[in-house]
Number of protein chains: 2
Amino acid sequence: MVKPETRTGKSYHHGDLKEALLRASLELVDEKGPHGFTLAEVCRKAGVSVAAPYRHYRDKEALLAAIATAGFELYHDQLARALEQSEDKTFKGLTTLARTYVRFAIANPPRYRVMFSSDLSKAKFPELYATARRAFDVVFCTVENCLIASNKSTENTYVLSLLIWSHCHGIATLCVDGFLREIAVEEQVDHLIDLAVESFTNKIHGSP
Amino acid sequence: MVKPETRTGKSYHHGDLKEALLRASLELVDEKGPHGFTLAEVCRKAGVSVAAPYRHYRDKEALLAAIATAGFELYHDQLARALEQSEDKTFKGLTTLARTYVRFAIANPPRYRVMFSSDLSKAKFPELYATARRAFDVVFCTVENCLIASNKSTENTYVLSLLIWSHCHGIATLCVDGFLREIAVEEQVDHLIDLAVESFTNKIHGSP
DNA sequence: ACCTGAACACCGTTCAAGT
DNA sequence: ACCTGAACACCGTTCAAGT
C-alpha cells in the first residue's frame, strides 16, 4: 500500500497522499453524504494541511470525480461478479444484473449519489464517463446475448440497453431519494425490478 | 402581488419578502444550478441583508425545499395541461405525459435537479412530497384509465404507475446528467420514451 | 517534488439592536 | 413584526516559504 518511504527520518507525511486522500474521501462520503463532504475535513482525516490536496487534485470537484470513478469501478466488479455467478447469461442474467444494480444503490446511497452527481461534468472528466461506460458494458453484453439467443437483430443493442439501464436507475434513484413512500421499499424493490425486466424482455421478443 | 404597504413612508424593504426571495431563488437556480445557489446572492438579488431570509425560511435547505415545491406545482400543471389537450386519455395520453415529463427536465435541468435533490429530506418537508405526489397523480389516473379501458384489475395501479414514472425519471436523469453520449439525445429522446411506454403498454395488456 | 502556514474571499447562521 | 449590522465559525483556493 504505502510506497517506499524516503529515508530522511520521517521527511514528510505520506508515501502516497493521493491515495490516502481518496480513501479518506470515500469514508467521509459514506458517513456524511456528498452534501456534508468537505475538503477541510478530508485533510483533517488524512492529517495534512488544507493546501496539500491541491498538489494531487486540481480542486474539490476533481476529488469528487475520483470518488465517483472509484465507485463505478466497484460497480463494474459487482455487476460482473453477479453475472459470472448466474448460470444463465441471457434473460436470467439480466434479472440478476438489474437486482444487483438497485441493491448497490440501496446499500450505499451516498456513494451512489456522488457517482451520478449532476455537479460532475462528464465532459470535464472523461475518465469518469469511461469507467461508467465500462460498468454499463456488462449490461450491454448481456442484452446482446439476449438478442442473439432470441434470433433478433443486434443493431439496436445500445438503445435497448439504455432502456433497461434507465429503468433500473430510475427506480434506484427514486428509492434512494425517498420518493417511494407508499410501498414497503425493501420488500418490493426486487419485485419492481422484476416487472421492469419482464416488460423489457417482452419488448425484445416483440422486436425485429 | 405586493401586499398593502404600511404607510410610514417606505418603512422597510418589502411588502412580501418571502415571495420575493422565492422568485429571486428560482431565477438564481435557473441561472447557476443548485450547486451555485447561494443564500447570500439571493439576498443581493432581493436587495436585503443576509439575515433577512431567516425571518421567513428556517435555513437554506428550507428555501430550496420551497423552490422544489414550486417546481412540482409547475410540473403538475404542465402534465395536466398536456393530458387535457390529448384527445385520448388512456394509452396515447400516457405517451403524451411521458414526453412532457422528459421535456420538462431537458428544458430546465437546474430546476429539475433541485426538485429531485437527494439533499432534500422528504420526511423533513412533507409539503414537498405531497406536491410531488400530486404531479404523480396525473400519471396515476391515466394508468388507471388504461387499466379500465383494457378490462384489467386496477389493484396494482400504484406499482404500475411507479413503473412508468421511474422509467421516465431514469431516462430524464441520465439525459440531463450527461450519460447519454452515444446517441443524438435531442432527437432520440422521444423515441426512447416511446419505447418505454410501449413496453409498459404491453405489460398492461399481458397483466391480469 | 511535496507539504505547511498564513492569508483572502466568500458563505451560512446567530443575535443584539434598530424602526 | 420585520429587517439591519456586526460578528463567528467554517470552507475553498492561492501562494510564498520551508525541507
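Below, read A as the first sequence line, B as the second, and so on, with proteins coming before strands; counting in each chain starts at 1. Every value quoted in this text rests on a predicted model; they were computed, and no experiment measured them.
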**OP:** Strictly below 4.0 Å, heavy-atom distances to any atom of DNA chain D: list the hits from residues 54-67 of chain B, or just say none.
**Re:** B/Arg55, B/His56
Original post:
Does A/Phe136 have its ring centroid less than 6.0 Å away from the ring centroid of A/Tyr158?
Top reply: yes
Original post:
Got a sec? Which of residues 27-42 of chain B come in under 4.0 Å of DNA chain C, heavy atoms?
Top reply: B/Thr38, B/Leu39, B/Ala40
**OP:** Can you figure out which of C/dG5, D/dT13, D/dT4 approaches the side chain of A/Val50 most closely?
**Re:** D/dT13
**OP:** Tell me, please, which residues at least two apart from A/Ser118 pass side-chain hydrogen bond (donor to acceptor under 3.5 Å, both in side chains).
**Re:** B/Arg113
Subject >> Contact under 4.0 Å: B/Arg44 side-chain N or O vs C/dC11 OP1/OP2 >> reply: yes
Original post:
Taking atom types as modelled, is there a side-chain donor on A/Asp88 or A/Ser86 under 3.5 Å from an acceptor on the other?
Top reply: no
Atom pairs and distances, donor-acceptor, side-chain atoms in residues 64-81 of chain B, under 3.5 Å, two or more places apart:
| unit_1 | atom_1 | unit_2 | atom_2 | d |
| --- | --- | --- | --- | --- |
| B/Thr69 | OG1 | B/Ala65 | O | 2.7 |
| B/Tyr75 | OH | B/Tyr101 | O | 2.8 |

Original post:
Any side-chain heavy-atom pair from B/Lys18 and B/Leu22 closer than 4.5 angstrom?
Top reply: no
Subject >> Enclosure of B/Arg181 CZ (heavy-atom neighbours >12, cutoff 6.0 Å) >> reply: yes
Original post:
Can you check whether A/Tyr129 and A/Phe125 have ring centres sitting under 6.0 Å from each other?
Top reply: no
Sequence neighbours left out, cut at 3.5 Å: what donor-acceptor pairs do the side chains of residues 28-39 of chain A make with other protein atoms?
| unit_1 | atom_1 | unit_2 | atom_2 | d |
| --- | --- | --- | --- | --- |
| A/Asp30 | OD1 | A/Asn108 | ND2 | 3.4 |
| A/Asp30 | OD2 | A/Arg111 | NH2 | 2.8 |
| A/Glu31 | OE2 | A/Lys45 | NZ | 2.9 |
| A/Lys32 | NZ | A/Glu41 | OE2 | 3.1 |
| A/His35 | ND1 | B/Asp119 | OD2 | 3.4 |

**OP:** Please check if the distance between the ring centroids of A/Phe179 and B/Phe116 is under 6.0 Å.
**Re:** yes
Original post:
Dot-bracket for DNA chain D, 5' to 3', with Watson-Crick and G-U pairs under 3.5 Å, [ ] for crossing pairs and | for other-strand pairs: what is it?
Top reply: ||.|||||...|||||.||
Original post:
Do B/Leu162 and A/Ile183 have side chains that get closer than 4.5 Å, going by heavy atoms?
Top reply: yes
